[in-house]
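Notes follow once the structure below has been shown.
Every chain is numbered from 1 and lettered A, B, ... according to where its sequence line falls, protein lines coming before strand lines.
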Amino acid sequence: MNVLIVSGLVFGGIYAVASLGLVLTYVSSRIFNFAQGALAFFIALLFYELNTERGWSTWSAALVAIGVVAPLLGLALWAVLFRRLSSAPTTVQLVATIGLYVAIPPIAKTLFVADEPSLPPGFFSAPVPEVDVFGVTLNANQIAVFVSAVVVGLALALTLRFTMFGLTMRGVVDHRPLASVMGINPGVVTAAAWMIGTMMAGLAGVLLTPVLGLNEVSFSVLLISSFAAVVVGRLRSFTWTFVGALGLGLAQTLVTKVLPESGWMARAARPSIPFVVMILFLVAYGLVLHRRGGEEAPTTALLTRTPGTGVAPWYARVLIGVALVVAAFLIPELLTSFWLGVVASGVAVGIALLSLVLVTGEGGMISLCQISLAGIGAMGAAQLTEFYGWPNIPAILVAALAAVPFGVLVAVVSLRLGELYLALATLSFAVLADNALFSIDRIDNLHAGQPLPRPSLFGFDFDSDVRFYFLALGVFAVAALLVLNVRRSTTGLTLAAIRSSEVAARTIGVSTERAKVATFAIGAFIAGVGGGLVASFSGRATPPSFNAVIGIVWLAVVVTWGLRSVVGALLAGVAFSLFPALFSAYIPDSYAEVPTMLFGLGAIIVAREPRGIVAQTVGHWRHLLRLDRRRDDNDTVAVEPSAQAA
Amino acid sequence: MRGVTGGRAGRRWLPLLAVLATVALVASACGDDDGGGTASEGDADAASGSGGGGNGECDSPGVSDDQIKIGQLSSLTTPAAAFYGLHQAGFKARIDKLNDDGGIGGRQVVIETADDAADINRATTAARELVEQQDVFAVMVASSVIAGPASYLQDEGIPVVGYNVNPEWGVYDNMFGYSGSNSPEPVATTTGGEFLTQQGVERLAILGYAQTSAQAAAEGMQESFEAAGGEVVYNSTDAPIGTSEWTTQAEEIASRGADGLYLPIQTQNALAAAAAVRQAGGDLKVTLFPAGYSPTTLEQAGDTAEGVYFSMDFVPFEVQLPAHQEMLNALEQYAPDTPPAQEVAVGWIIGELLIRGLQEAGEECPTREAFIENLRQVSDFDANGLLDPPVDFEASFGQPYGLCFHYVKVEGGEFVPVNDGEPICGEVVDEG
């Protein structure tokens with residue numbers, strides 16, 4: 001029992017260090033750093049590189065990694081990215097930090113050790129010294145966690161309360177303009193907060209290394225778990241965040257006492273706890289905030305500017321349409337079967353990404369759980385074909401319908417939440433789907449999933465890559481028309497009104513709830529169909545392909561190519577499939593991480609040009625060719641989206 | 001506002017360039033499909049194409065006048081790489097030595113690697129890339145995620161050699177495991193259970209990863225140990241791959257009074273698990289690792305490895321056969337940084353098996369059909385003595401992995417063979 005408490009406090013202590021850093025950066029800059037875990041991974045890998053690979057002493061490696069590189073990294077990120085984003089809408093800030101989250105681990109793995117080390121040392125390497133405390137054996141790495149958590153917690157509390165810097169920071173947090181008038185430079189305070197926050201991320205990373213190893217996925221999932229502590233502290237209370245972090249760690253280990261030793265419950269319960277807690281708290285906040293009259297009403301998202309800022313003339317659109325159709329038919333002629341297969345599976349991914357165009361692009365709601373809805377479509381279809389002998393196409397359609405209630409559930413739970421809380425809630429749902437739903441034995445089958453054959457319709461098999469390609473394109477076209485029709489429907493207009501101002505929309509009697517739920521429901525169906533096709537292309541529906549972490553990459557990719565454009569979704573899907581295949585075929589293995597890096601960097605760049613590559617390029621060509629005479633400059637028009645939408 | 005606009009004008013070119021670059025990348029990829037991926041491949045294709053009228057007259061896929069292309073499908077990234085990367089090193093050393101010794105029938109064996117990132121869907125794509133893009137003659141597989149690629153490679157009639165831990169090795173007749181085959185459904189053997197009870201274990205705990213091969217090993221050991229009259233007090237294979245945090249499991253194992261621990265997980269993590277059980281107050285007579293027999297383990301573990309048993313299915317190095325020396329020399333020459341680890345030896349034996357298959361396939365003009373058909377007839381594959389008893393590919397097809405094991409124990413910081421290095425063999429556990 002005592003051992004379990006020790007283990008729980010170890011996890012809780014690491015959560016505490018990471019989440020306090022997150023709160024610090026949030027209160028000082030109003031930017032929720034999604035990439036906290038990625039920064040922790042970066043610093044931890046750097047520490048490993050210096051300490052183990054280059055043979056530096058533990059303390060010099062720690063000093064350089066956590067004491068020098070981490071604050072410089074924080075300062076650089078603030079100077080280059082976050083300073084510009086401090087007054088940007090929440091959605092844009094989120095997209096930028098999500099881009100960082102995606103891009104940083106591959107950068108770290110390309111810069112430092114390529115191979116994942118097994119059992120990397122932390123502050124103390126094997127043989128780790130052990131001491132007996134109250135009859136429990138503690139090793140030095142565990143003690144390091146306790147000491148760090150206590151020191152960081154106390155230092156923060158004392159600094160904020162008793163030092164000039166703390167006073168300044170509290171002033172900036174309370175009333176930024178007033179602080180400026182008093183001669184305080186808020187930029188300096190914020191920069192310092194980012195430096196300290198990144199140091200704390202790095203410290204958490206090094207503390208976590210001996211516990212979890214240096215696997216980027218388990219690393220980032222664990223640090224995402226610490227978001228729950230931040231939510232408990234309502235993004236501002238250091239005390240409650242600290243308490244929440246320790247409580248989460250303890251709950252996660254003590255629960256094993258009442259769980260069976262193996263099987264689904266044993267696997268699902270422990271990692272799910274933080275996310276269940278997070279959703280419960282978010283729902284409670286949603287209810288309370290609503291009663292108070294919407295304290296954190298969503299801001300108008302820059303992302304949702306209508307691409308119709310100057311609609312291209314009819315002949316240009318016809319020209320583009322014809323070019324796309326010609327390209328679609330030329331591609332099978334130009335590519336070998338292998339590459340056509342890669343493109344076809346990318347088109348299938350594009351279908352699932354259309355759901356993001358609908359929910360996030362049209363609806364203005366950042367959803368990080370579309371991949372789980374796609375997963376429900378894929379794995380549901382595989383269950384129906386494998387265990388009940390259903391034909392493939394009805395199985396995919398019915399499984400996609402089964403995703404709809406899940407989509408509605410997500411929508412209902414998150415209706416009242418502001419953009420940041422919505423992103424956290426949908427992320428929680430995605431992780432819960434991984435941990436609790438996709439881990440069911442007959443679905444997971446030890447990560448091997450279940451077979452899902454390629455479709456056939458009335459005896460016509462879509463088994464070859466060419467046929468599957470055209471099937472996927474056909475389905476994509478239908479789904480794209482659906483999305484475009486939603487845009488033009490009453491629901492679409494309602495969404496446009498909400499994007500402009502939710503409060504104003506409600507005031508004039510528009511039912512915002514119905515529009516949001518409908519959007520999530522249709523999005524869930526589209527995602528489900530896409531997921532089913534993605535899985536049936538490769539022949540298996542496997543949980544790792546629909547992991548929440550990949551869902552974050554999905555958002556980054558689709559944002560890069562244009563969140564408001566159906567063509568953008570298609571190109572994003574193809575890029576998602578094609579880039580890694582191209583790199584694996586033609587570029588040495590050591591650069592295998594580059595595509596993911598580009599996906600993340602793309603999102604960061606787009607945070608500054610929110611309509612994505614397609615919209616931007618089209619706008620630019622239009623500008624070049626003088627097709628667009630109504631608007632002289634697309635880029636400077638960032639306001640009044642509703643005017644064009646209506 | 002004007003000023004800002006002017007400043008942004010240059011930046012607006014970036015996305016345009018990105019799109020153009022993408023198009024160019026795709027276009028070049030498509031162009032390469034017909035001409036061969038790289039210059040050297042292009043040359044090879046040209047040689048085989050024009051050489052049709054020359055001395056070769058061999059139009060087998062992947063075979064040119066002076067080369068045979070072999071694909072290697074492994075988990076080379078993710079935590080699984082710590083394991084399968086070592087197979088690659090041993091395999092490559094054997095093939096490098098073969099090429100320096102003149103190759104097979106005057107042809108050099110060229111290895112094209114593909115990474116499956118321990119993901120089933122990636123594995124299928126990787127297998128397709130090897131066969132359809134690289135045009136390889138045969139494929140070496142060292143991976144746990146082979147359900148997808150195995151059926152594809154069977155459909156295409158591709159010979160496969162490799163590490164036979166998954167049931168597919170006992171399902172598809174084009175697949176040849178270095179130590180034989182595997183059973184299509186999990187079947188236990190008496191070997192491990194009898195060995196552990198002989199060492200005095202009465203209450204066994206088993207700890208593994210959520211991974212097909214680990215779970216099969218865990219289930220097999222449970223049945224085996226119970227058949228030998230022991231009691232399995234704990235069996236958990238739910239930990240995600242790569243985990244080294246074992247506190248909660250160790251607490252349970254210690255509190256249930258286990259006196260033996262079987263750890264079908266990566267060595268470093270297995271050592272961490274054994275240490276965690278000790279930290280929780282457990283008292284273990286025997287700790288058995290089915291992997292990790294390597295000088296690296298001794299180096300890194302120090303005293304903590306003392307008394308640990310390792311099992312392997314080839315003759316341990318301490319027996320010092322000429323084949324051991326040959327392998328050590330080759331490692332020194334071709335892979336100087338690679339320790340003679342268990343997985344490296346397995347990779348080496350997979351190399352031996354590939355060579356044997358290529359010899360059987362007809363040295364003049366090897367064909368895939370002959371490879372598969374003739375290697376299946378081989379009944380005495382012993383990898384120059386490293387495999388004892390030798391493998392009979394016909395008789396062993398569909399038989400479980402690990403009917404015979406060799407065991408070593410760590411004593412005084414060295415590996416000491418148990419049973420004088422002779423194998424300990426069992427039989428299939430009688431289900432009745």
Practice problem: Output the distance between atom CG (A:L138) and atom CD (B:Q279), rounded to the nearest 0.5 Å. | Solution: 7.0 Å
Quiz item: Hey, what do you get for CZ (A:F537) to OG1 (B:T125), rounding to the nearest 0.5 Å?
Solution: 6.5 Å
Quiz item: Where on A:Q142 is there a heavy atom nearer than 4.5 Å to chain B: the side chain, the backbone, both, or neither?
Solution: side chain
Practice problem: Go through the atoms of B:E129 and report whether side chain, backbone, both or neither lie under 4.5 Å from a heavy atom of chain A. | Solution: both
Exercise. Could you have a look at A:P580, A:G602, A:G539, A:S545 and say which one has the most heavy-atom pairs with chain B under 4.5 angstrom?
Key: A:S545
Quiz item: Given a strict heavy-atom distance threshold of 4.5 Å, which part of A:P271 is in contact with chain B: side chain, backbone, both, or neither?
Solution: neither
Quiz item: Side chain, backbone, both or neither: which part of B:Y234 has a heavy atom under 4.5 Å from chain A?
Solution: both
Self-check item: chain B contact via A:T253 - which portion, at a heavy-atom distance below 4.5 Å
Solution: both
Practice problem: Determine, for B:R128 against A:D465, whether the closest basic-nitrogen to carboxylate-oxygen distance falls under 4.0 angstrom. | Solution: yes
Quiz item: Considering only heavy atoms, which portion of A:S345 lies under 4.5 Å from any heavy atom of chain B: side chain, backbone, both, or neither?
Solution: neither
Quiz prompt | OG1-CD distance between A:T256 and B:Q249, expressed to the nearest 0.5 angstrom | solution = 8.0 Å
Quiz item: Between B:Q133 and A:T336, does a side chain to side chain donor-acceptor pair (under 3.5 Å) hold up when you go through it step by step?
Solution: CA-CA 9 Å; B:Q133 293 298 116; A:T336 60; 3.1 Å; yes
Practice problem: Kindly give the heavy-atom pair with the smallest separation between B:T248 and A:R270, and that separation in Å. | Solution: OG1-NH1, 3.3 Å
Quiz item: Got a sec: does the CG of B:D283 have more than 12 other heavy atoms crowding it under 6.0 Å?
Solution: no
Quiz item: Non-hydrogen atoms of chain A under 4.5 Å away: do they reach the side chain of B:T113, the backbone, both or neither?
Solution: side chain
